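Numbers here are sequence positions counted from 1. Just so it is clear, the model here is predicted, and its values are computed rather than measured.
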Amino acid sequence: MSDSTVTQWEGREEAAGPRADTGRDGSGARGLLGRLRQPRRPRLWFEILLIAVSYWLYSLIRNAVPEQKGEALRNADWIWRAEQTLGIDVERSVNHAVNAVTWLIIGMNYYYATLHFIMTLGVLVWLYRWHPGRYAAARLALFATTGGALVGYYLFPLAPPRLMRGGRFVDTVMVHHTWGSMASGDLKHMSNQYAAMPSMHIGWSLWCGLTIFALASVPWVRVLGLLYPVATLVVIVSTANHFWLDAVGGVLCLSFGFGVARAWYGAGPYGLPRGVRESAGRQPGYASSS
């Protein structure tokens with residue numbers, strides 16, 4: 001059989017880090033661990049189930065964290081004072097300025113409510129289809145990022161700016177009667193309103209942006225990838241759902257997520273081979289063409 005039928009590794013097999021012990025020289029935990037750490041072709045049914053269950057658990061745990069309203073409001077006051085000390089307390093000015101442009105703020109409300117789901121799932125599908133060797137590591141980074149956020153919600157309850165006492169921020173969803181946030185209007189009882197730190201809108205959008213920038217082959221698509229988390233930052237501040245420092249928390253969670261993926265796979269998600277080896281006994285021949 002010719003080399004062209006073998007799974008594509010792009011000549012970068014060494015980028016995957018140390019070779020995993022596949023257990024050929026022995027059995028046991030070491031061999032199993034090696035197999036688990038080896039990039040493999042994802043299975044569609046398993047990924048759909050895993051993502052659905054994981055998001056359900058994320059929502060369940062996030063909403064199960066005690067709201068701790070008093071502490072969350074005190075933390076919001078502390079964050080606001082810290083930003084004033086740093087000279088970056090411009091959220092209120094941005095919120096009022098953007099709110100004055102009705103069509104813009106309504107668009108941002110819908111952006112806030114929907115795009116982090118659409119983009120994150122879209123990038124996962126793209127990775128699954130065109131970068132199967134990198135998919136599991138990138139997905140692990142995303143999941144670890146989200147897990148870190150859950151710890152943050154528990155340890156540091158935080159009210160968003162729009163709920164601050166005397167903050168004079170505009171709750172843009174309430175004012176413009178748009179469906180824009182699970183934490184506003186009629187949907188507010190379905191979500192923990194005091195889980196603003198860290199911002200997963202930033203954590204997830206930056207994960208998407210870096211993935212697109214690192215792996216896309218079309219230059220303008222790569223640029224759009226980098227612009228996506230920037231636009232998300234503007235949206236979360238304009239709608240008074242987050243402080244600037246909430247975004248910093250999202251970046252720290254993402255850094256943790258990439259660290260977990262690197263520790264497990266021996267390389268960052270984008271350094272792993274694009275293709276994957278087929279498991280033993282299966283017909284080789286999978287190769288990604290773009």
Side-chain angles (χ1 to χ4, degrees), residues 55 58-59 62 76 80 83 88-126 142 145-146 149 158-164 167-213 216 218-251 254:
Y55 184 74
Y58 165 75
S59 300
R62 182 181 187 274
W80 189 236
E83 291 195 349
I88 59 173
D89 56 320
V90 299
E91 290 95 330
R92 185 165 56 205
S93 298
V94 173
N95 171 236
H96 283 261
V98 178
N99 183 67
V101 185
T102 303
W103 64 267
L104 181 58
I105 195 61
I106 288 177
M108 286 187 173
N109 285 342
Y110 289 121
Y111 180 117
Y112 183 86
T114 61
L115 206 59
H116 62 298
F117 294 116
I118 296 170
M119 281 294 296
T120 305
L121 288 174
V123 172
L124 282 170
V125 170
W126 176 61
L142 179 65
T145 297
T146 306
L158 180 67
R162 58 187 174 75
L163 293 182
M164 284 183 65
R168 303 195 306 278
F169 285 90
V170 178
D171 188 333
T172 59
V173 171
M174 294 290 290
V175 169
H176 297 282
H177 307 289
T178 55
W179 178 75
S181 173
M182 287 291 289
S184 292
D186 295 334
L187 299 176
K188 64 184 178 182
H189 300 298
M190 299 173 61
S191 178
N192 184 355
Q193 297 189 76
Y194 303 107
M197 171 66 85
S199 167
M200 277 298 92
H201 276 74
I202 293 300
W204 291 352
S205 67
L206 189 57
W207 176 86
C208 290
L210 292 176
T211 300
I212 293 170
F213 179 77
V218 181
W220 65 266
V221 173
R222 300 180 71 203
V223 172
L224 287 179
L226 291 182
L227 290 177
Y228 172 52
V230 175
T232 300
L233 178 60
V234 174
V235 166
I236 67 173
V237 170
S238 299
T239 56
N241 279 292
H242 289 282
F243 297 98
W244 295 122
L245 292 181
D246 298 348
V248 175
V251 173
L254 182 63

Value rounded to 0.5 Å, distance of CG in Leu124 from SG in Cys208: 7.5 Å
CG on Leu254 to CG on Leu142, rounded to 0.5 Å: 8.5 Å
Ile118 side, atom CD1; Tyr111 side, atom OH - distance, nearest 0.5 Å: 11.0 Å
Side chain to side chain, Thr211 and Trp126, heavy atoms closer than 4.5 Å: yes
Heavy-atom check, side chain of Val251 versus side chain of Leu206, under 4.5 Å: yes
Beyond-backbone contact of Thr239 with Ile105, side-chain heavy atoms, under 4.5 angstrom: yes
Any donor-acceptor N/O pair, Trp244 side chain to Glu83 backbone, under 3.5 Å: no
Test item: side-chain donor near acceptor, Thr172 and Asn109, under 3.5 Å: yes
Spacing of Gln193 atom CD and Leu158 atom CG [to the nearest 0.5 Å]: 12.5 Å
Short side-chain to backbone donor-acceptor contact, Asn95 and Val170, under 3.5 Å: yes
pair Val234-Met108: side-chain heavy atoms closer than 4.5 Å: yes
For the student: nearest non-hydrogen atoms of Leu163 and Ala159, plus distance: CB-CB, 4.4 Å
His201 NE2 to Asn241 CG distance, which is reported to the nearest 0.5 Å: 7.0 Å
Closest heavy-atom pair and its distance - Ala240, Pro160: O-CB, 3.9 Å
Inter-residue atom distance Thr114.OG1 - Met119.CE, 0.5 Å rounding: 11.5 Å
Side chain to side chain, Thr145 and Trp207, heavy atoms closer than 4.5 Å: no
Beyond-backbone contact of Val248 with Leu245, side-chain heavy atoms, under 4.5 angstrom: yes
Closest contact, heavy atoms only, Phe169 versus Pro161: CD1-O, 3.3 Å
Under 3.5 Å: donor-acceptor pair, side chain of Glu91, backbone of His242: no
Shortest non-hydrogen contact between Pro229 and Ile202, atoms and distance: O-CD1, 4.1 Å
Within-4.5 Å side-chain heavy-atom neighbours: Met200 and His116: no
Minimal non-hydrogen separation, Pro198 against Gly249, with atom names: CB-C, 3.2 Å
Side chain to side chain, Val123 and Ile212, heavy atoms closer than 4.5 Å: yes
Any donor-acceptor pair under 3.5 Å from Thr120 side chain to Phe117 backbone: no
Trp80 and Phe243 aromatic ring geometry - parallel, tilted or perpendicular at 30°/60° bounds: tilted
Heavy-atom pair with the smallest gap, counting every atom of Tyr228 and Leu115: OH-O, 3.5 Å
Modelled atom types, side-chain donor and acceptor of Trp204 and Thr146, under 3.5 Å: yes
